Visitor: 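First the structure, which I've put down as structure tokens, then a few questions once you've had a look.
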Amino acid sequence: MKDIKYYLAPMEGITGYIYRNAVHDHFGENIAKYFTPFLVVHEKRAMSNKEIREILPENNKGINLIPQILTDDAEGFGRVERALHEYGYTEVNLNLGCPSKTVATKGRGSGFLKRTEKLDDFLYRIFENRKCDISIKTRIGESDVSEYEGLLEIFNKYPVKELIVHPRVRYEYYKGQPHRDIFCKYAVKSAATLCYNGDVFSKSDVDEIIDHSADKVSAIMTGRGMIADPSLIRVLNGGRPYTNDELKEFLKRITEDYTAAFKADRPVLQKMKELWSYMGQGFPKRPAAVKELLKCRTLQEYKMLEMQILG
Ligand SMILES: Cc1cc2nc3c(=O)[nH]c(=O)nc-3n(C[C@H](O)[C@H](O)[C@H](O)COP(=O)(O)O)c2cc1C
């Protein structure tokens, strides 16, 4: 049986260092890599204060963290990469997947995938000048899955450390089924080792991917599945699902850490509600309380409802 590694996906607004540390301490035994939500390129400085907090080694102790960069500017990429190298990082990840309008219409993230000549030139430059290993997280096209083969030909020209593929095109956002068939069909054509990402919720999802991808997949990345069930990676590794007490402790830790960081209830409430918008599905016997929690207006109310749901 092949040894598969599991990664926590970057999710802007969710998997920041506070959440990441809580997952690492409570459910992290089998998580091989974590990725920061994307860092952007700034005019005058390498990173904003918020971004520095995200990547500071003392905020990520014991965590194998790969910072992710989102840009179409090779020089800017180099600036951020060099700053990250100075903080001790040896691998960075390039975001070629973000589907959001504000990003993609500027030709970044998945909006970069259609500009193949420019992308090729950008990759040439960042690999030529690299200080760190570079991995890529990509979609399989902007508007059509037929773009994927040509993209692989471009990626294959460079020593990509690892290719993480979310097999949807930009316009599919996160909806419908990922194109696992396309991912598997082209797995053998990738020079880089592959990490699969997209709608992994169970061991059978993992098996389906591994069994059909010609031994090219060495890792699985999960985002929404892990937010909905923080023990998912443990379970995929043959471990047990979370207990109620574990989940209570985990949420208590996150609430406390957000409270210490924000020093105000409102943003904490927002963060916790966002987590429950994924976790709520795990409590089909308490639909009314989950619905109420997602609408509640104070942190106090939230805590009461959380207690109602978890006991
Ligand atoms: C709210 C949200 C924020 C995200 N932020 C990022 C990001 O910063 N960088 C990135 O590469 N992908 C980002 N993604 C995409 C996820 O990393 C992942 O590719 C996607 O959710 C599909 O995987 P899943 O089905 O396991 O969730 C985001 C997704 C969501 C839903």
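Source: prediction; values computed, not measured. Below, all heavy atoms of this structure are taken into account, side chains as well, without hydrogens, waters or symmetry copies. All residue numbers in this chain count up from 1 along the given sequence. Remember, it's 1-based here, ligands and their atoms both numbered in the order they're listed.
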Visitor: Find the distance between OH (Tyr19) and CD1 (Ile14) and round it off to the nearest 0.5 Å.
Guide: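 So the gap between those two atoms works out to 8.5 Å.
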Visitor: Return the protein residues near ligand 1 (heavy atom under 4.0 Å from any of its atoms), ordered by chain and residue number.
Guide: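 Residues near ligand 1: Ala9, Pro10, Met11, Glu12, Pro37, Phe38, Gln68, Asn95, Lys137, His166, Tyr174, Asn197, Gly198, Asp199, Thr222, Gly223, Arg224, Tyr278.
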Visitor: Between Arg115 and Phe112, is NZ or CZ placed under 6.0 angstrom from the six-membered ring centre and within 45° of the ring axis?
Guide: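 The answer is yes; both the distance and angle limits are met.
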Visitor: Using residues 276-284 as the side-chain source, report each donor-acceptor pair under 3.5 Å to any protein atom, sequence neighbours left out, with the distance given to one decimal.
Guide:
residue, atom, partner, partner atom, Å
Trp276, NE1, Tyr302, OH, 3.0
Ser277, OG, Glu274, O, 2.6
Gln281, NE2, Tyr278, O, 3.0

Visitor: May I have the list of side-chain donor-acceptor pairs in residues 265-272 shorter than 3.5 Å, sequence neighbours left out?
Guide:
residue, atom, partner, partner atom, Å
Lys271, NZ, Gly13, O, 2.8

Visitor: What pairs of donor and acceptor atoms, side-chain ones from residues 217-232 against any protein atom, are under 3.5 angstrom apart with sequence neighbours left out?
Guide:
residue, atom, partner, partner atom, Å
Thr222, OG1, Met226, N, 3.2
Arg224, NH1, Tyr174, O, 3.3
Arg224, NH2, Asp199, OD1, 3.0
Asp229, OD1, Ser231, N, 2.8
Asp229, OD1, Ser231, OG, 2.6
Asp229, OD1, Leu232, N, 3.4
Ser231, OG, Tyr242, N, 3.0

Visitor: Measure the CD1-CD1 distance between Ile140 and Ile182 for me, rounded to the nearest 0.5 Å.
Guide: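 Separation between the atoms: 5.5 Å.
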